[in-house]
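The shown structure was predicted, so the numbers you read here are calculated from the model rather than taken from an experiment. In what follows, chains carry the letters A, B, and so on, assigned in the order in which the sequence lines appear, proteins first and then strands, with residues in each chain numbered from 1.
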Number of protein chains: 2
Amino acid sequence: MNSEVSGKLQVRAERKNRKRQEKKDQIAGSALKALQELGYANTSLRDIAEKSSLSLGMLHYYFEDRTELILHCVSVYKTAFTSLLNETVNHAHGREAVINALAGALATTIVEEASTHRLWYDLRSQALFDSAFRPVVEEIEETLIDILKLAATRADKADEIDASLGYALIDGVFRYQLQNQITGTPRDQKALAMEMRAVLELFL
Amino acid sequence: MNSEVSGKLQVRAERKNRKRQEKKDQIAGSALKALQELGYANTSLRDIAEKSSLSLGMLHYYFEDRTELILHCVSVYKTAFTSLLNETVNHAHGREAVINALAGALATTIVEEASTHRLWYDLRSQALFDSAFRPVVEEIEETLIDILKLAATRADKADEIDASLGYALIDGVFRYQLQNQITGTPRDQKALAMEMRAVLELFL
DNA sequence: ATTTAATCTGGACGATTGTCCAATAAAAGT
DNA sequence: ACTTTTATTGGACAATCGTCCAGATTAAAT
């Protein structure tokens, strides 16, 4: 009986935590929109509260401080982006298909979610100064490197590849494309995909 | 005689401007040190003033506002870095030498001037949000692309290269190396140079 | 030597920041 | 129905921010 009671309490506590966690995710999702627009340096908690129709106190109720909130935002970004890439790679068979699918997905996300990615680059730069951001940045990059390894496997690549180096190269091009998309002359998805395909063929 | 007088005045005004310009450069050089440590988002004018032993009013006397000061800092960075690379490339003859010299110089500057470069990446990310930073970022990247073209020429590269794409790839690796140097396990100059050499051989 | 201009100081200013809390409303548990 | 816990509000708070300026100091010009 004692175990039944403690079991009830446990279930209750878990449900409470899950609810709270979902609310945190939802808030982070809203906050993401404000951060995407203004960037890390110029987004205050009031900006986030306004653009999310939340009170300032709410943010503090769910998040210890500004840093924790922003870190949670990065996690939300990570989940969405890496699972997109993972599915893309997992649904392609053979070298040609993997390269095309990956290049296509990267090009599409540049066109459609440009301002989400620019926030990623902003926060990744922050991590160079603030160690609080480093674990989450490292985790995301490790996941991306793993995806690249997976891509190599599914592309029937025989010998091992230097996935870290590959990530660095691809990221360089991805970022440059993103920058041109935002600050320069935007190109259509097809052109971006073609360029990315050429880069991917160096590795896969 | 009238022209003599106006000539004198002109000389005087020019000397004044030159002096002021030199002072601005000197201040920007000091400010660079503060910015390198704390990053764009977390460096206040007071931080800069303290670390440079300057009064707050001085900064305002020479620079309209915070943005102008920081932009001037980027210019100082640009001059130093691009002229280093330019000389490096210009003193090398033939493909092997150009690749070795460039890879070596990039690796050395990562080891020795890591925190200067991380500020560059910080401000370049800022440019994705704040258009005030875009012209100077664009100018620097154009210069770097030109240096890559020059390197191709001096490496006796027959056919034209896509220097923009090459820049993106090299930058990706350079940034990744820098990040590992700062937030991960630092490597020695030789290891960095070797990796960079492999990347450069893809293009030159 | 005197006037004019440039340089520099130290601090004031209003605005904005992150953080926190007392009070209220809503939900959950009994 | 009542109590307890959770959620939410709106604003207070001290700290910090960029900007600006009156006045002192120094250099330049006459």
Using a 4.0 Å heavy-atom cut-off to protein, can you give one letter per nucleotide of nucleotides 11-24 of chain C, 5' to 3': B if the base is in contact, S if only the sugar-phosphate is, - if neither? -B----BBBB----
Please list all pairs meeting ring-ring contact (aromatic ring centres under 6.0 Å, His included) that have one or both residues in residues 42-67 of chain A, counting only residues at least two apart or in different chains. A:Phe63-A:His72
NZ of B:Lys24: more than 12 outside heavy atoms within 6.0 angstrom? yes
Can you check the A:Arg20 CZ to D:dA7 P distance for me, whole Å? 6 Å
Distance test, side-chain N/O of A:Lys19 to OP1/OP2 of C:dA27, below 4.0 Å: no
Between A:Ser44 and A:Asp47, do the side chains contain an N or O donor and an N or O acceptor separated by less than 3.5 Å? yes
Can you see whether B:Ser30 engages B:Ser52 through a side-chain donor-acceptor pair at a distance of less than 3.5 angstrom? no
Parallel, tilted or perpendicular, as decided by the 30° and 60° cut-offs, for the rings of A:Phe174 and A:His117: perpendicular
Can you name the residues that form a ring-ring contact (aromatic ring centres under 6.0 Å, His included) with B:Tyr167, not counting sequence neighbours? A:Tyr176
Roughly how far apart are B:Lys78 NZ and B:Thr82 OG1, rounded to 0.5 Å? 5.0 Å
Is there a donor in the side chain of A:Thr109 and an acceptor in the side chain of A:Glu113, or the other way round, less than 3.5 Å apart? yes
How sharply is the helix from C:dA1-D:dT30 to C:dT30-D:dA1 bent, taking the axes over five pairs at either end and rounding to 10 degrees? 10°
Under 3.5 Å donor-acceptor, A:Gln177 side chain and A:Leu192 backbone: yes
Would you tabulate the pairs of protein nitrogen or oxygen atoms and nucleotide nitrogen or oxygen atoms of nucleotides 3-6 of chain C closer than 3.5 angstrom?
from, atom 1, to, atom 2, distance (Å)
C:dA6, OP1, B:Lys16, NZ, 2.9

D:dC17 P sits how many Å from B:Ile70 CD1, rounded? 13 Å
Taking atom C1' of D:dA7 as reference, at what distance in whole Å does atom CD of A:Gln26 sit? 13 Å
Atom-pair distance (CG on B:Leu59; P on C:dT7), nearest Å: 15 Å
Ion pair check, B:Arg18 and B:Glu22, cut-off under 4.0 Å: yes
Enumerate the residue pairs fulfilling ring-ring contact (aromatic ring centres under 6.0 Å, His included) with a member in residues 179-204 of chain A, sequence neighbours excluded, ordered by first and then second residue. none
Nearest whole angstrom, please: distance from the P of D:dT19 to the CD of B:Glu68. 10 Å
Atom CZ of B:Phe63 to atom P of C:dC8: distance rounded to whole Å? 12 Å
